[in-house]
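Structure record follows, encoded as structure tokens.
Throughout, numbering of the chain's residues begins at 1 and tracks the sequence. As a basis for the values below, the full set of heavy atoms in this structure was taken, side chains included, without hydrogen atoms, waters or symmetry mates.
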Amino acid sequence: MGVSNKTPEFLKMNPLGKVPVLETPDGPVFESNAIARYVARLKDDNPLFGSSRIEQAHVEQWMDFAATEVDPGVGWYLYPRLGYIPYAHTTEETAIASLKRSLGALNTHLALNTYLVGHSVTLADIVLTCNLYHGIARILTKSFTSDFPHVERYFWTMVNQPNFKKVIGEVKQAESVPPVLKKGVPPKESKAKDVKKETPKEAPKPKVVEVPAEEEAPKPKPKNPLDLLPPSKMVLDDWKRLYSNTKTNFREVAIKGFWDMYDPEGYSLWFCDYKYNDENTVSFVTLNKVGGFLQRMDLCRKYAFGKMLVVGSEPPFKLKGLWLFRGQEVPKFVMDEVYDMELYEWTKVDISDEAQKERVNAMIEDQEPFEGEALLDAKCFK
């Protein structure tokens with residue numbers, strides 16, 4: 001950057017000197033979405049453009065939405081804080097308001113749709129996910145995105161698709177907003193003496209942007225209520241280790257060990273059943289629902305163990321789960337933070353009921369058939 005993209009050869013391909021530029025046998029193409037369209041159209045009747053003219057129009061619609069609504073909102077929020085452009089508090093407020101408006105509209109659409117267009121991934125999903133990734137990985141923290149649960153579900157579903165992971169890799173959400181760089185501190189690639197030379201003597205001194213106190217010294221997080229419970233004889237990590245290390249005689253070793261460890265006063269067991277199983281008509285979409293749910297449950301890893309079963313050999317598939325939680329209730333902070341929780345019916349296990357106890361055993365063991373049906377998949381949260 002700043003060297004090869006300023007050469008006459010490069011400027012012939014893109015007079016603005018920007019990247020990316022795609023060189024093709026028929027000439028160069030610049031602008032990301034134009035390149036994406038070109039590549040997708042190299043295959044005739046590519047399903048990435050939809051299966052009808054109206055679907056093609058909707059794909060284009062959401063690509064434009066990503067380019068004109070989401071991408072600029074993320075950019076005007078993020079770039080000033082990285083020092084790429086001057087920071088102004090009013091500009092940031094405008095960017096945040098615009099971005100929230102756009103994500104609100106997107107959230108409404110995704111409340112009723114798994115994908116942006118139709119029932120499978122299109123070019124619109126690829127483009128929008130890349131724009132969201134830039135924001136979610138750098139500046140849009142959980143406290144920002146939690147107002148848009150359907151956007152969250154969509155994003156984590158998409159980035160966990162195998163073809164996304166090949167390119168993007170593992171995605172982690174930003175844990176904090178980057179602090180504002182104070183004026184007078186040059187970007188890394190600039191030297192202070194160069195800035196000094198270019199500043200006229202009579203120029204007024206730039207104002208120093210005050211960084212909000214909460215960014216300089218974030219308040220310590222309050223202690224989790226579950227940490228304040230009386231000590232339990234059950235050590236959760238011991239159970240997770242036993243579960244992971246038992247390869248043979250699972251009933252005799254792991255299941256027996258679980259009940260030997262289980263502390264009904266310090267922990268509780270819960271069955272969960274998905275409320276909308278009739279929607280689970282596509283296997284990989286159903287599996288991604290579970291994968292996204294488990295990813296969002298990561299905030300309670302210290303306090304929970306879970307098994308999620310995808311039941312059935314043909315659609316619609318059933319989602320059933322077993323969860324071990326610290327305490328006697330489903331933790332409130334989990335109910336508040338993980339929107340998937342309300343998509344399930346939660347029933348506390350009565351361990352005095354032998355039938356329920358045996359159901360717990362079967363779910364921990366991934367018993368197949370389970371309740372008379374084949375298992376499509378079984379996932380463990382530990």
Side-chain angles (χ1 to χ4, degrees), residues 111 114 146 149-150 152-153 156-157 160 224-226 234 236 239-240 243 254-255 258-259 262-264 266-312 315-382:
T114 301
S146 61
H150 301 296
E152 287 185 322
R153 180 267 306 162
W156 294 113
T157 296
N160 281 292
N224 191 299
L226 298 183
M234 183 176 192
L236 190 58
W239 157 241
K240 292 180 178 180
Y243 174 88
I255 300 294
F258 173 78
W259 291 115
Y262 182 61
D263 171 20
Y267 285 83
S268 55
L269 285 163
W270 296 79
F271 293 129
C272 67
D273 292 276
Y274 194 65
K275 296 178 183 178
Y276 311 105
N277 284 319
D278 57 319
E279 297 177 354
N280 298 332
T281 56
V282 181
S283 59
F284 81 89
V285 175
T286 306
L287 295 175
N288 285 332
K289 282 183 183 178
V290 177
F293 176 38
L294 296 184
Q295 187 173 43
R296 288 181 281 279
M297 288 292 283
D298 193 65
L299 79 170
C300 70
R301 193 170 297 276
K302 180 181 174 183
Y303 311 101
F305 170 86
K307 292 299 297 280
M308 292 297 298
L309 308 183
V310 184
V311 181
F317 305 102
K318 301 180 183 70
L319 300 184
K320 301 174 183 288
L322 168 74
W323 287 84
L324 172 72
F325 289 119
R326 183 76 165 97
Q328 294 303 303
E329 302 295 333
V330 177
K332 184 178 184 302
F333 76 93
V334 179
M335 295 298 292
D336 291 342
E337 294 290 332
V338 182
Y339 77 86
D340 309 67
M341 298 294 285
E342 64 184 26
L343 303 178
Y344 292 84
E345 292 285 354
W346 293 88
T347 307
K348 194 171 187 177
V349 177
D350 178 3
I351 61 172
S352 66
D353 183 329
E354 288 300 321
Q356 291 190 41
K357 194 171 178 179
E358 176 54 33
R359 190 171 193 252
V360 170
N361 296 342
M363 297 185 87
I364 293 176
E365 190 183 16
D366 304 339
Q367 186 182 86
E368 188 175 16
F370 178 76
E371 298 180 339
E373 295 187 85
L375 286 182
L376 178 65
D377 197 13
K379 295 183 181 293
C380 182
F381 176 91
K382 61 182 189 300

- prompt: In Å, rounded to the nearest 0.5 Å, how long is the span from OG1 of Thr286 to NZ of Lys289?
  reply: 5.5 Å

- prompt: Do Val311 and Leu375 come within less than 4.5 Å of each other through their side chains, counting heavy atoms only?
  reply: yes

- prompt: Ion pair present between Lys318 and Glu371, side-chain N to carboxylate O less than 4.0 angstrom?
  reply: no

task: Give the C-alpha distance, both sets of side-chain angles, the deciding distance and a yes or no for side-chain contact (heavy atoms from CB on, under 4.5 Å) between Tyr276 and Leu343.
output: CA-CA 8 Å; Tyr276 311 105; Leu343 303 178; 3.9 Å; yes

message: Quick one, Leu324 and Met234 - any side-chain contact, counting heavy atoms below 4.5 Å?
response: yes

- request: Output the distance between atom CG (Asp350) and atom CG (Leu269), rounded to the nearest 0.5 Å.
  value: 11.0 Å

query: How long is the gap from CD on Glu342 to CG on Asp336, to the nearest 0.5 Å?
result: 10.5 Å

Set of residues satisfying salt bridge (Lys or Arg N to Asp or Glu O under 4.0 Å) with respect to Glu329, sequence neighbours excluded: none

statement: Minimal heavy-atom distance between Asn280 and Pro315, with the atoms involved, is O-CB, 3.9 Å

- request: Verify the distance criterion only: is there a donor paired with an acceptor across the side chains of Lys302 and Asn224 at less than 3.5 Å?
  value: no

Test item: Arg301 side-chain N/O and Lys382 main-chain N/O as donor-acceptor pair under 3.5 Å: yes

- prompt: Does the side chain of Phe317 come within less than 4.5 Å of Leu287's, by heavy atoms?
  reply: no

Counterpart residues, side-chain contact (heavy atoms from CB on, under 4.5 Å), relative to Pro331 (two or more places apart): Leu226, Phe325, Phe333, Val334

query: Quick one: CG on Leu319 to NZ on Lys379, what's the gap to the nearest 0.5 Å?
result: 11.0 Å

field: Non-hydrogen atoms of Pro316 and Asn277 that approach each other most closely
entry: CB-O, 3.2 Å

- line: Shortest non-hydrogen pair, Gln328 vs Lys348, comes out as O-NZ, 2.9 Å

- prompt: Is there side-chain contact between Arg359 and Phe370, with at least one heavy-atom pair below 4.5 Å?
  reply: yes

query: Are more than 12 heavy atoms from other residues, nucleotides or ligands located less than 6.0 Å from atom NZ of Lys275?
result: yes

- prompt: What orientation do Phe381 and Trp323 show, parallel under 30°, tilted 30 to 60°, or perpendicular over 60°?
  reply: tilted

Heavy-atom check, side chain of Met341 versus side chain of Phe293, under 4.5 Å: yes

- prompt: If you look at every heavy atom in Glu337 and Leu299, which pair is closest and at what distance?
  reply: CB-CD1, 3.5 Å

field: Nearest heavy-atom neighbours spanning Ser268 and Gly327
entry: OG-O, 2.8 Å

- prompt: Less than 4.5 Å apart, any side-chain heavy atom of Met308 and any of Met297?
  reply: no

query: Roughly how far apart are Ile255 CD1 and Glu365 CD, rounded to 0.5 Å?
result: 5.5 Å

field: Pairwise side-chain contact, Trp259 with Val360, heavy-atom cut-off 4.5 Å (strictly under)
entry: yes

task: I would like to know whether Phe271 and Lys320 meet side-chain contact (heavy atoms from CB on, under 4.5 Å); could you show each step before the answer?
output: CA-CA 7 Å; Phe271 293 129; Lys320 301 174 183 288; over 6 Å; no

query: What are the two closest heavy atoms between Trp156 and Asn160, and how far apart are they?
result: O-ND2, 2.7 Å

statement: Rounding to 0.5 Å, atoms OH (Tyr267) and OH (Tyr262) come to a distance of 10.5 Å

